Each structure stands twice: as C-alpha cells, then as structure tokens.
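Just so it is clear, the model here is predicted, and its values are computed rather than measured. Here is the naming used below: chain letters follow the sequence lines, and residue numbers restart at 1 for every chain.
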There are 2 protein chains.
Amino acid sequence: MDYLEERLPQNSAPEAGLSGSQSVDRALGLLSLIGREPAEGLPLGEIVSGSGLNKPTTRRLLLALMRAGLVEQEPQTRRYCLGEEAFVLGVLAARRHGLLEIAMDGLRRLSAETQDTSFLTVRRENYAICLHREEGTYPVRTHALQAGDQHPLGVGAGSLAMLAALPDDDVDRVIAANEAVLLARYPGFAPDALRVDIAETRARGFSLNPGRLVASSWGIGRAFRYPDGRVAGALSIAAIDSRMAPSRQAELAVPLAREAERMEALLAEMFVSKRAGRPMAAAVPRSIETGRAAR
Amino acid sequence: MDYLEERLPQNSAPEAGLSGSQSVDRALGLLSLIGREPAEGLPLGEIVSGSGLNKPTTRRLLLALMRAGLVEQEPQTRRYCLGEEAFVLGVLAARRHGLLEIAMDGLRRLSAETQDTSFLTVRRENYAICLHREEGTYPVRTHALQAGDQHPLGVGAGSLAMLAALPDDDVDRVIAANEAVLLARYPGFAPDALRVDIAETRARGFSLNPGRLVASSWGIGRAFRYPDGRVAGALSIAAIDSRMAPSRQAELAVPLAREAERMEALLAEMFVSKRAGRPMAAAVPRSIETGRAAR
DNA sequence: TCCAGATAGTCCATAATATGGACCTTATTC
DNA sequence: GAATAAGGTCCATATTATGGACTATCTGGA
C-alpha cells in the first residue's frame, strides 16, 4: 500500500498549484518516509512503493539526501536510514523548538515521584511521536513505547490525550485519515472505540490506555497547549496493570496535571519573551505529490 | 561574504559530476546554512548572499523547506529558522546516531565529580558543534559555550581536541579551509597558533583552552573515536581560570580520559552488535554551488 | 504626510534540469 | 547453475527549475 498517501493524504487543493520545486518536495517526502522507520531503515524497494515515485528518481533523490548527510545507507543491508546530519540538525533546532529540554525536568520529577516510566509525546499530522522516555525505578517496567515510536493519534495514553484535546472537527479529520491504518494494524482501536475513549478522556480529565496496545501495559496521559490554544504535546505515565488500579490512576493524575500545567506556563513564558503575535508559523500541510495550499 | 563557500568549500572534484538533483542539493544547502544561526534565524537577504543563489530561487526552495516543516519563517521579523520538523527528525535520528544519549551518563558523572560544566562536541566538516552542555554545581559558571554553538575546529577545548586527533593532512586541510574565518573573527586563533596548540595537545594528552575565546573561561578537552579510528567527538570541561591551575588540569584530565575511553567502549559495542564492515557511510562532500560554476 | 531607500516577495519566457522506460549488476533461492 | 528478485545506472526527452525584471511592503527622515 501507499504509505505516504496513508499518512500525508490531503490533496485538499488537488491541482491548485505547481510548487515550483517538485524534486525538493519529493526529496523531503522521502526524508519523512525514512523517518518513519528510525530503527531499521527502509530498503529501496519499499521507499519506491511507499513514495509512489519510480526507482531512478527515488535513487537520485536519495543520493542527494545522502550527499547532505541527512540519510545514510547501511552498507551491509543497503537499507536507507536517517543520517548523522539529521541528528545534528535536530540539536540545532532544539534551540527554538526545545519542547524536550523544557519537559525533561518535569519528566524526571514524574518518574522520581511515581517510580514509573514517563513520556513526552508530540503530534505530527495524524500521528503521535514519542520524543522521550524517562525510566522509573520500579523493577517491573513496560517497554511498549520508546523514543521515536509513532502511532496514530488516539493509540496510547499520550496520543489519546492529544486527540481528545483537539476540536471536534479536527478529531473527525484525524480519525477519518487514519481509519484504514487503524482497522488494519491496530485491533482494539477501531474508530468507534476511539470516539468512546475521547469522550471518557474529556470527562475524566486525563486519558487512559488499559493495556490495549500491549497487554498489561497501562498508561495515563494529559495534553498541554501553546498559549494560543494549539495542542503542543502530552505527558504520560506507564506502568504494569497492577500499578494502575483506578485509585492509583487518580493519584498519578495529580502530579501529571501539575507538570502539564507547568509546561503550559513555561511555553507561555517562552513566547512572552519573544513577541506578541502568533507563536509559530502555522504548520503548512504537505504531501509528496504537492499542490501548494489553496488560498 | 560567502558563508557557504567559507564552510562548504571544496570543489575537490570540480566539474566531476552533475548531481542530477541540483535543486535538492541547493535546498539542503540552505537548510544547513540556516542551521548555522539556530538562535536568531536569517533574513532572506543573507540567505541569498550566503548561498550564492538568486532571490527567486532561494525563496522557492525556502517555500519547499517550509512546506516540509523543516524551516519556519518568523512572522514578525520574516527571518527564516529551523522548523519543528527538523527537531523531530533529530529525535528520530537519535535512535541510530545517539551520541548524545550515549554520552549523557558520562557528562553527568563528570559534572557531578568535578562540580564544573561539561560538554559533548562533534565535528561537522571544518567546524565543531556543541551538542550538549551539562551544568556543574559550582556557583561561578562560564557560559562561553551552549548547545548548538559552532566554532571552527581548533577553537575551544573540545574542538581543539578533535582537531589534534586528526591525521596531519586533515589538519592541514581544515586549517586551510578555515584560515579566512579564523583571521577575521577569531583573534588569538591564527593558523600558526593553532598548530602550536595541536602539538601541545598531542604531547599533553588533552587539549587546553586558556581563556582565549572568552577571558577567564578555561577548558580542557579530549577526543574519542569510532572503532575504525575516525574521530567521533570530544568531551570537555570548562571552568573559570582560578579553577584551572595546572595541577587541577591534571586532576580533571583523569576522569575526562576515563569517560572518553568509556565512550569508545560504548561505540565499539554499538557496532559489534550490528555488523562487521564499515560502521557508517562515509560522509560525502557537498557544496551548494553544484557543477555548472565554470563557464 | 510624503518620499527615498531597502528588503521581501512574485511573474513568466526560456534553457537547463529532472524524469522514467529500458537495461545492467549483484545477491538469494531451488 | 539457472531463475528470481532486488539494487543500481543510462540517456533522449519533456517537464521543471531558473533568474532577470518587476511589484509590494516596511523603515525612517524631513
């Protein structure tokens, strides 16, 4: 199937406009595609079918990405994966987009206080990406979620918290976009089930994943927002089911809420110190088969 | 001045080969250029002159980068800076290139033991980039170096340690490439002075920056290598001059060497677990002004 | 309030670039 | 060792990216 279409769907303005940089758009699409398999990398064939491009074009663009160090090709397996330069760029970008740095203290406090593992998750289109996993001290730990892992919005505690924090029409759009993937690869997360989860999350004040992704691995999550109201990310805590009885959920929700509010305060501070207007350029929709945003 | 030429010089194989992806190469060159000003971002004009491209082309490529989220334009100042997506990509790439993650424990130990601030630095072409700064507890701290800061190889303790760890012909090449910048912007780091520093570093076993970048801010550094011998990065410790008398330098050098060796052991482990051949694709030279120059 | 200068951003005919069908090469399987 | 499959490359062609010339917007000075 067509990975990229799956996750960067929208041809909202189909022919709308030629970007004027087809090849760059395509190359960056490949980069994003490769980023989806951070651990293993992807073989050429999968990149070809995943992108919808043909082999020579794909290869040529990959060579360009490799020249820039953003992609590397594992000599043995010939798989393509993110390069060192991508990592360094990320460190540089962290100066402005240092959610992780801002969140680290909070995650440490959460894990220290609760002994369980805590997570920072952000939204990326219709998916949630785990940016950091802060280990707890309790000897039995769940390893259902690692830094770099990606799941559709709604799958997992932090991910669900973010989805529930979106306005209803966004929720509908996201679920519709993910419907195929959810049904095919996430049993237990059918669209209808997600809608129930969202309602419960909103009523309860925090999200709950009762071991639906990995049995016995439960989690609770809470989203936090930028000063302008956009969802910025989510904090979550995971533990084995025996440590997640309803009473403990309520207990854990307190420090979780505290840290989420703290994040919002820190973000507000960041922006106050900088300007008055909109905090960040709004995300521009993108697709590998570009048609620049209508308008 | 022509920034990119300064730092991505080489037309080692001048006409050698048309890349077949001029625009992608150019776009990624812009990305790298913007990465050099992680804090402020760059105005269009500087990107134009810095890249050697013309305005419409630059702008078109920037739009493509913005569509992908790798670059954002600050609405107020209209400056272009690295986008959120660059940050996220970095986190994803950290799975494979997680020098930082590997180094964190060591940095914490160093700062805890010495009470001074410690750093992880990596090489990027002819420059050194500080990836992390781990604060010490001692109340007087130097803030000469922050995560994301970049200086020519040889400028600063970690940076000098890496330069001194290179084979002589690489040293020559790097110093030649940086000569103009060094003379223009780094008084006290003239090529000849650097060569003396390198000799001393090699003799001593660790590098020393006696407050040459920022007065009273001294540092010592030590490089570490990949299993195949390539320089991977450097660890360093910085403090005010009064805490860097020769006797204390020797004292600090011990844990510094220990942690550097530990890094090499960890890197060796990473590769053993993966394959037998070359550890990573060799960096491919790149330049923004592709082929066509002549004429 | 208006103008000068500077910087940001856009248009569009043209030339150069990226495209992709066909082909070659290297591993893996039976 | 022939067959299959995947990785990789060539090159004439048409599509795409280019950049000179133009317009819009902002800044500060009188």
- Mind calculating the distance between CZ (R60(A)) and C1' (dT16(D)) to the nearest angstrom? 12 Å
- Message: Looking only at the side chain of Y80(A) (C-beta and beyond, no hydrogens), which of the listed nucleotides dA8(C), dG8(D), dG7(D) gets closest?
- Response: dG8(D)
- When you measure from the side chain of R79(A) to the backbone N and O of P43(A), does any donor-acceptor pair fall under 3.5 Å? no
- Earlier contact from the 5' end, DNA chain C, for P56(A) and R78(A): P56(A)
- Item | Under-4.0 Å side-chain N/O to phosphate OP1/OP2 contact, S23(B) with dA18(C) | yes
- Query: Separation of L44(A) atom CG from dA27(C) atom C1', in whole Å?
  - Reply: 15 Å
- Side chain of R36(B), backbone of Q150(B): donor and acceptor closer than 3.5 Å? no
- Message: In this structure, how many angstroms lie between the P atom of dG7(D) and the CD atom of E74(A), rounded?
- Response: 14 Å
- Message: If the cut-off is 4.0 Å, is R59(A) near the phosphate of dG7(D), judged by side-chain N/O to OP1 or OP2?
- Response: no
- Query: Which part of the nucleic acid does T57(A) contact within heavy-atom distance under 4.0 Å: base, sugar-phosphate only, or nothing?
  - Reply: base
- Message: Taking the nucleotide of DNA chain D with the nearest heavy atom to each, does T77(A) or V24(A) sit closer to the 5' end?
- Response: T77(A)
- Item | Inter-axis angle, terminal five-pair segments of the helix from dT1(C)-dA30(D) to dC30(C)-dG1(D) [nearest 10°] | 50°
- Item | Interatomic distance where CG belongs to L53(B) and C1' belongs to dG20(D) [whole Å] | 15 Å
- Taking only side-chain nitrogens and oxygens of R26(A), does any of them come within less than 4.0 Å of OP1 or OP2 of dT19(C)? yes
- Message: Expressed as a whole number of angstroms, how long is the span from N54(B):CG to dT10(C):C1'?
- Response: 13 Å
- Heavy-atom donor-acceptor pair, R123(B) side chain to E125(B) backbone, under 3.5 Å: yes
- Query: Of T58(A), T57(A), V71(A), which is the lone residue that meets side chain to side chain contact (heavy atoms under 4.5 Å, CB included) with L30(A)?
  - Reply: T58(A)
- Query: Any chance the rings of F189(B) and H151(B) have centres within less than 6.0 Å?
  - Reply: no
- Item | Separation of atom CG in D25(B) from atom C1' in dA17(D), rounded to whole Å | 14 Å
- Task: State whether Q22(B) places a side-chain N or O below 4.0 Å from either non-bridging phosphate oxygen (OP1 or OP2) of dT16(D).
- Result: no
- Task: Quickly work out the Q73(A) CD to dT9(D) P distance and round it to whole Å.
- Result: 9 Å
- dG20(C) base to K55(A) side chain: any donor-acceptor pair below 3.5 Å? no
- Does Q146(B) offer a backbone N or O that forms a donor-acceptor pair with the side chain of D149(B) under 3.5 Å? yes
- Would you confirm whether S159(A), through its side chain, and P152(A), through its main-chain N or O, come within 3.5 Å as a donor-acceptor pair? yes
- Protein-nucleotide distance (E46(B), atom CD; dT7(C), atom C1'), rounded to Å: 12 Å
